[in-house]
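Values in this document were obtained by computation on a predicted structure and should not be read as measured data. Letters A, B, ... mirror the listed sequences (proteins, then strands); counts begin at 1. All values below were derived from every heavy atom in this structure, side-chain atoms included, with hydrogens, water molecules and symmetry-related copies excluded.
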There are 2 protein chains.
Amino acid sequence: MTSNPTSTSPSSTVIRAWSRLAKVQQLAADAIEQRLKAADLPPLAWYDALLELERAGPAGLRPFELERELLLSQCNLSRLIDRLEKEDYVERQACQDDGRGQVIAITAAGRAIRRRMWGVYGPAIQSVIGAHLSSGQAAALDTALGTLISGARPA
Amino acid sequence: MTSNPTSTSPSSTVIRAWSRLAKVQQLAADAIEQRLKAADLPPLAWYDALLELERAGPAGLRPFELERELLLSQCNLSRLIDRLEKEDYVERQACQDDGRGQVIAITAAGRAIRRRMWGVYGPAIQSVIGAHLSSGQAAALDTALGTLISGARPA
DNA sequence: TCAATATGAATGCAATTGCATTTAAACACG
DNA sequence: CGTGTTTAAATGCAATTGCATTCATATTGA
């Protein structure tokens, strides 16, 4: 490498895009959390975890796999699993292949609560995001964000 | 109103856009925080507060004004100001007009640390966001997010 | 004027997060 | 084998957040 392009300053468009990105995320997440709480449902983070586990099927997932999917720190995930387990939404099973590890599997109650959460979460997404964008705009946003994710991943 | 469009479910594009939005924000914020910490600088939230106060000029801002700008809860803002004040980055002044209130003003040290933070923060934005987008893509992203903010604001 | 209410800000306490360390099992290799 | 290193997960502790309450001052209206 002959230069260090990652140390240059961003354009004002990029700065504003980032600051808007953070603000939209915050506004949307706050609104969604608020609706979940109003419906006496668990917080968003539980949904994400339960969704990943449901997608993983009966085989479940190792905590370290969930950690990567959810972008959670190891200790926070460990305690999120504690809370989910306390409500019987997930089960900790001993891992056959690796005596240090576990396998986390969603329970029927976990699937049920995730579905109930979606009943609030889905409409909330629509009202905070979807309702304000044409389908073309939504697709453009989705594409740009997809580019950013592929860029950030391997870094 | 003859119907309730905010209660319908989002399209799969909107769902994916939202989930990517949250993920990008998380990845970017984590990376930025990490760089700030590596440079022994305060967290991102301090930057946002200091920037608003610097923009407000010598007149300063009332806490409840900052609260709206920063999307922070009242009690969290109160304690953020505590921390900033402890480091002499801001000053709490009695408010002339309103005996209940205060005016928060940035200090010279506050301006200095904000500037130092920008030296890390700016390049971090570039490397996480700017470097992965053409200027056209950045403008499109910025525009779409701008639409969302104006939509979310009055709601 | 004064009682009732509303608003700006702080604070006590529980829940959550972040950080560092710890425990236990797997690997690597002499 | 056996020692040293790495990896999976848990845990103690400090810092931060969220929630509800509190305190003080403003505002309103009888």
Side-chain angles (χ1 to χ4, degrees), chain A residues 22 25-27 29-38 40-49 53 56 60-87 90-105, chain B residues 22 25-27 29-38 40-49 53 56 60-87 90-105:
Chain A
Q25 195 278 335
Q26 181 85 21
L27 285 165
D30 287 355
I32 291 164
E33 294 283 12
Q34 191 180 311
R35 293 195 192 196
L36 287 171
K37 175 158 308 194
D40 266 307
L41 290 168
L44 206 40
W46 292 33
Y47 183 90
D48 293 334
L53 289 169
L61 283 178
R62 300 288 300 270
F64 72 90
E65 295 174 304
L66 254 183
E67 191 183 323
R68 279 162 208 170
E69 290 301 330
L70 302 179
L71 306 178
L72 274 174
S73 69
Q74 184 267 319
C75 71
N76 281 335
L77 176 61
S78 173
R79 285 184 274 218
L80 174 57
I81 296 173
D82 287 348
R83 288 171 232 141
L84 290 169
E85 190 184 32
K86 195 164 302 168
E87 302 294 329
V90 306
E91 267 181 3
R92 279 185 160 106
Q93 301 163 350
C95 180
Q96 309 257 314
D97 304 346
D98 187 335
R100 298 165 299 183
Q102 308 178 336
V103 173
I104 312 299
Chain B
Q25 195 278 335
Q26 181 85 23
L27 285 166
D30 287 355
I32 291 164
E33 293 284 11
Q34 192 181 310
R35 292 195 193 196
L36 286 171
K37 175 159 306 194
D40 264 307
L41 290 168
L44 205 39
W46 293 33
Y47 183 89
D48 293 334
L53 290 169
L61 283 178
R62 301 287 301 270
F64 71 89
E65 296 174 304
L66 254 182
E67 192 183 321
R68 279 161 206 169
E69 290 301 328
L70 303 177
L71 305 179
L72 274 174
S73 69
Q74 183 267 318
C75 70
N76 281 336
L77 176 60
S78 173
R79 284 185 274 219
L80 174 57
I81 295 173
D82 287 347
R83 286 170 233 141
L84 290 169
E85 191 184 31
K86 196 166 299 167
E87 301 294 330
V90 305
E91 266 181 3
R92 280 184 160 109
Q93 301 164 348
C95 179
Q96 309 254 315
D97 304 346
D98 188 334
R100 296 165 301 184
Q102 306 180 336
V103 173
I104 311 299

- Would you give a per-nucleotide map of nucleotides 14-22 of chain D, 5' to 3', where B means the base has a protein non-hydrogen atom under 4.0 Å away, S means only the sugar-phosphate does, and - means neither? --SBBBB--
- Message: Tell me the closest heavy-atom pair linking A49(A) and L66(A), and the distance in Å.
- Response: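 Shortest heavy-atom separation between A49(A) and L66(A) comes out as O-CD2, 4.3 Å.
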- Item | With sequence neighbours excluded, residues passing salt bridge (Lys or Arg N to Asp or Glu O under 4.0 Å) with D98(A) |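 Counting only residues at least two positions away or on another chain, D98(A) forms a salt bridge (Lys or Arg N to Asp or Glu O under 4.0 Å) with R62(A), R100(A).
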- Message: Within the 4.5 Å heavy-atom criterion, are R83(B) and R79(B) side-chain neighbours or not?
- Response: yes
- Message: Would you say that more than 12 heavy atoms from the other residues, nucleotides or ligands in this model lie under 6.0 Å from the CD of Q34(A), or not?
- Response: no
[X] [atom1] to [N] [atom2]: how many Å, rounded?
X       : N       : atom1 : atom2 : result
L77(B)  : dT7(C)  : CG    : C1'   : 15 Å
I81(B)  : dA10(C) : CD1   : P     : 6 Å
D97(B)  : dA9(C)  : CG    : P     : 12 Å
R92(B)  : dG8(C)  : CZ    : P     : 16 Å
Q102(B) : dT7(C)  : CD    : P     : 19 Å
F64(A)  : dA10(D) : CZ    : C1'   : 16 Å
I104(A) : dA9(D)  : CD1   : C1'   : 10 Å
Q93(B)  : dA9(C)  : CD    : C1'   : 16 Å

- Could you check whether D98(A) gets within reach of a base, just the sugar-phosphate, or nothing at all, counting any heavy atom under 4.0 Å?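 If one applies the 4.0 Å heavy-atom cut-off, D98(A) turns out to touch the sugar-phosphate alone, with no base involved.
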Test of understanding: with side chain to side chain contact (heavy atoms under 4.5 Å, CB included), list the residues that count as partners of [X], not counting sequence neighbours.
X      : result
A29(A) : Q25(A), W18(B)
E33(A) : L36(A), P43(A), L44(A)
D30(A) : Q26(A)
R92(A) : S78(A), I81(A), D82(A), E85(A), Q102(A), I104(A)

Atom pairs, protein N/O to nucleotides 3-6 of chain C N/O, distance under 3.5 Å:
none

- Q93(B): what forms a side chain to side chain donor-acceptor pair (under 3.5 Å) with it, not counting sequence neighbours? E91(B)
- Short side-chain N/O contact from R62(B) to OP1 or OP2 of dT7(C), under 4.0 Å: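 False: R62(B) side-chain N/O out of range (4.0 Å or more) of dT7(C) OP1/OP2.
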